[in-house]
Amino acid sequence: AEATTVVRVRVGDVATTDVVEPGRSFDAVLLDAPCTCLGTARRHPEVLRKPGYGDVLETQRALLDACVDRVKAPRGRLVYSTCSVLPRECEDQVDGVIRRARRRGVRLERVPIDPRPLGFAAAAQTPDGDLKILPWHLLEDDDAASQFSDGSHPVVVVPASGGCDAHFVARLVVVSRGDAAASDDDTSSH
């Protein structure tokens, strides 16, 4: 007998309880976080005239922390995505949520993402395994992308009419939840 996977999608604001019941946890959470949208400046140059970060960084922090609380342990996944590539909105936010979670006794680890099966050049992967996709990382034809498919993952190639917007994506897994928090000097999550 074949196993059947059932996926139930819930869309809502994790900071409120009107869509997601209090205390409810999930196998996976996708946080498409509000951001400065600087990764879309190629198509939307007006974002360059927006004033500063405002409350964006604090909103991202609060949403990441709330999402960590909603992901099941062990092996629950959290994907953090922005259409910005500024370190303060990307890597720094991920590093910060890992540290804050550790203080609360939650062990998070980054799970590297291979950009090639997704139709992006290997250069899109950061040293930590996150994706920082820039317009020139888009593989432009099926032949270039198909060489990276191992048969188990479909290769998705977006038409290369002018490249793509810039994006950041990090994948985290909740390894464990416990009572004792590790020290801030612990770097085992990298």
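Just so it is clear, the values below take in all heavy atoms, side chains as well, and ignore hydrogens, waters and symmetry mates. The structure displayed is predicted, hence computed values, not measured ones.
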Handout entry: Test side-chain contact (heavy atoms from CB on, under 4.5 Å) applied to Ala123 - qualifying residues, sequence neighbours left out
Key = His137
Problem - Pro74 and Ser176, any side-chain heavy atoms less than 4.5 Å apart - result: no
Practice task
List in chain and number order the residues that pass salt bridge (Lys or Arg N to Asp or Glu O under 4.0 Å) with Asp92, two or more places apart in sequence or in another chain; answer none if no residue qualifies.
Solution key: none
Problem - Non-hydrogen side-chain atoms of Leu86 and Cys35 separated by less than 4.5 Å - result: no
Exercise for the section: Answer whether the closest heavy-atom distance between the side chains of Val169 and Val79 falls below 4.5 Å. Expected result: yes
Handout entry: Non-neighbouring partners of Arg100 that pass salt bridge (Lys or Arg N to Asp or Glu O under 4.0 Å), sequence neighbours left out
Key = Asp65
Handout entry: Interatomic distance, Leu134 atom CG to Trp136 atom CH2 [nearest 0.5 angstrom]
Key = 4.5 Å
Handout entry: Partners meeting side chain to side chain donor-acceptor pair (under 3.5 Å) with Gln125 (sequence neighbours left out)
Key = none
Fill in the blank from the handout: When rounded to the nearest 0.5 Å, the distance separating CD1 of Ile113 from CG of Asp128 is 11.5 Å
Completion exercise
CZ of Arg107 to CZ of Arg102, rounded to nearest 0.5 Å, is 10.0 Å
Exercise for the section: Please confirm whether the backbone N or O of Asp130 pairs with a side-chain atom of Thr126, one donor and one acceptor, at under 3.5 Å? Expected result: yes
Completion exercise
Nearest heavy-atom contact between Ala121 and Arg116 is C-CG, 4.4 Å
Problem - Distance, nearest 0.5 Å, that separates CZ of Arg70 from OG of Ser25 - result: 9.0 Å
Practice task
First locate atom NE2 of His44, then atom SG of Cys37, and finally report the distance between them rounded to the nearest 0.5 Å.
Solution key: 8.5 Å
Fill in the blank from the handout: Which of Leu30, Leu31, Val29, Asp32 passes side chain to side chain contact (heavy atoms under 4.5 Å, CB included) with Tyr80? It is Leu31
Problem - pair Pro127-Glu91: side-chain heavy atoms closer than 4.5 Å - result: no
Problem - Cluster link Phe26 to Leu78, ILVMFWY, side chain under 4.5 Å - result: yes
Practice task
Check whether any side-chain heavy atom of Phe168 sits under 4.5 Å from a side-chain heavy atom of Leu131, and report yes or no.
Solution key: no
Practice task
State, to 0.1 Å, how close Thr82 and Glu89 come at their nearest heavy-atom pair, and which atoms those are.
Solution key: CG2-O, 3.9 Å
Exercise for the section: Apply the side chain to side chain contact (heavy atoms under 4.5 Å, CB included) test between Leu172 and each candidate in Val97, Val71, Val111; give the one that qualifies. Expected result: Val97
Exercise for the section: May I ask you to test the Pro115-Ile133 pair for a side-chain heavy-atom distance under 4.5 Å? Expected result: no
Exercise for the section: List in chain and number order the residues that pass salt bridge (Lys or Arg N to Asp or Glu O under 4.0 Å) with Glu58, two or more places apart in sequence or in another chain; answer none if no residue qualifies. Expected result: Arg61
Practice task
Output all residues satisfying side chain to side chain donor-acceptor pair (under 3.5 Å) with Gln93, sequence neighbours left out; order by chain, then residue number.
Solution key: Gln60
Exercise for the section: I would like to know whether Val85 and Leu38 meet side chain to side chain contact (heavy atoms under 4.5 Å, CB included); could you show each step before the answer? Expected result: CA-CA 7 Å; Val85 290; Leu38 290 177; over 6 Å; no
Practice task
Measure the spacing between CG of Leu64 and CG of Leu108 and express it to the nearest 0.5 Å.
Solution key: 9.5 Å
